[in-house]
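Working notes, structure below.
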Amino acid sequence: MKYSVYSTFLTFLLLFASSCIKDNTIDYTEWEQKNTAFVASAEAERNDDGTLKYTRIVPDWAPNAFSLVKWENDRTLTEKNLRPLSNSVVKVKYDLEDIEGRRISDSYSSTTHGDSIYQCRPNQNIIGFWSCVTNMHVGDSVTCIMPYVSGYGATANGSIKPYSTLVYHIKLVAIPAYELPLQ
């Protein structure tokens, strides 16, 4: 008898608790569509002379991932400067925001490597960052738009929602360790 009372009470308690739990499933379809439209709009943007504002960069090793890059500096002034390999150690300054201009992250709040520097190897970052930085020369500053397939995909990462397009503002400051490719 005692067992059936406890069993009934426990069953009632579980049913009550499960009815109180809200479904935390969030539908990101609208957010995904908004991000996809943002990328399509940026890809179609033109300069005053009719040329495309952004260059599409597609890494050979990830043909379904791409980034849109707009150089903010005169590239003729940096074209002879060193360009990093995937496994080089680079020093960059960056600011990261979403398509609504909400700041997500930046190197300016870091003091690990001095003067707001983020030091890394490009191949230890998301595809979009990796391919963008390896297409820059020391001294280049870019705005890089990374669709979600080049970022964190359909999963959330900290404060970054699933399907988020990432907008990076990057300056390649230095390449303190230029690694030779494996032979």
Side-chain angles (χ1 to χ4, degrees), residues 28 31-32 34-36 38-40 42-43 53-73 75 77-183:
Y28 286 101
W31 179 247
E32 179 184 8
K34 188 174 181 180
N35 279 266
T36 302
F38 179 87
V39 172
E43 195 163 24
K53 202 172 264 193
Y54 289 91
T55 302
R56 183 187 257 247
I57 296 177
V58 183
D60 294 337
W61 40 267
N64 294 327
F66 70 93
S67 296
L68 302 176
V69 179
K70 177 175 65 168
W71 274 265
E72 304 292 349
N73 61 289
R75 294 188 73 203
L77 301 176
T78 60
E79 68 187 355
K80 293 182 182 177
N81 294 351
L82 199 57
R83 197 167 114 183
L85 299 172
S86 292
N87 61 343
S88 297
V89 174
V90 298
K91 289 186 174 186
V92 300
K93 292 185 179 189
Y94 78 88
D95 190 16
L96 170 60
E97 57 191 33
D98 66 13
I99 63 170
E100 296 174 334
R102 184 178 57 91
R103 178 173 276 171
I104 297 170
S105 176
D106 64 66
S107 64
Y108 302 98
S109 50
S110 171
T111 57
T112 307
H113 297 284
D115 195 25
S116 307
I117 297 291
Y118 170 60
Q119 183 171 301
C120 66
R121 292 182 188 272
N123 63 3
Q124 294 175 337
N125 289 275
I126 57 175
I127 292 171
F129 188 90
W130 178 358
S131 64
C132 180
V133 170
T134 55
N135 278 279
M136 297 173 69
H137 292 92
V138 173
D140 280 342
S141 293
V142 300
T143 297
C144 187
I145 297 174
M146 301 170 198
Y148 68 88
V149 296
S150 299
Y152 295 104
T155 57
N157 187 311
S159 65
I160 301 172
K161 298 179 205 175
Y163 305 105
S164 288
T165 294
L166 305 174
V167 181
Y168 270 94
H169 304 280
I170 305 170
K171 179 174 179 81
L172 180 56
V173 177
I175 304 174
Y178 189 83
E179 301 291 335
L180 296 175
L182 297 174
Q183 295 182 2

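Atoms considered below: every heavy atom in the structure, side chains included; atoms not considered: hydrogens, waters and symmetry mates. Given the structure is predicted, the values throughout are model-derived calculations rather than measurements.
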Do any N or O atoms from the side chain of [X] and from the backbone of [Y] form a donor-acceptor pair under 3.5 angstrom?
{"X": "Arg121", "Y": "Ser86", "answer": "no"}
{"X": "Ser141", "Y": "Lys171", "answer": "no"}
{"X": "Ser107", "Y": "Ser116", "answer": "yes"}

Search all heavy atoms of [X] against all heavy atoms of [Y] and return the closest pair with its distance.
{"X": "Thr78", "Y": "Gly139", "value": "CG2-C, 3.9 Å"}
{"X": "Ser131", "Y": "Pro59", "value": "CB-CG, 3.9 Å"}
{"X": "Tyr54", "Y": "Ala42", "value": "CD1-O, 3.3 Å"}
{"X": "Leu172", "Y": "Val92", "value": "CD1-CG1, 3.8 Å"}

Problem - Criterion side chain to side chain contact (heavy atoms under 4.5 Å, CB included) against Asn123, the qualifying member of Asn87, Val133, Leu85 - result: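 Passing option: Asn87.
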Practice task
Fit a plane to each ring of Tyr94 and Phe129, take the angle between them on a 0 to 90° scale, and name the class: parallel (under 30°), tilted (30 to 60°) or perpendicular (over 60°).
Solution key: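 Perpendicular, since the angle between the ring planes exceeds 60°.
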Handout entry: Contacts of type side chain to side chain donor-acceptor pair (under 3.5 Å), residue Glu72, not counting sequence neighbours
Key =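 Listed in chain order: Thr143.
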Practice task
Go through the side-chain N and O atoms of Asp140 and Asn73 and say whether any donor and acceptor fall under 3.5 Å apart.
Solution key: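 Asp140 vs Asn73: donor-acceptor pair found between side chains.
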Handout entry: Min side-chain heavy-atom separation Ile126-Tyr168 under 4.5 Å
Key =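 Yes, at least one pair of side-chain atoms sits under 4.5 Å.
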Practice task
List in chain and number order the residues that pass side-chain contact (heavy atoms from CB on, under 4.5 Å) with Arg103, two or more places apart in sequence or in another chain; answer none if no residue qualifies.
Solution key: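 For Arg103, the residues satisfying side-chain contact (heavy atoms from CB on, under 4.5 Å) (neighbours in sequence not counted) are Asp95, Asp106.
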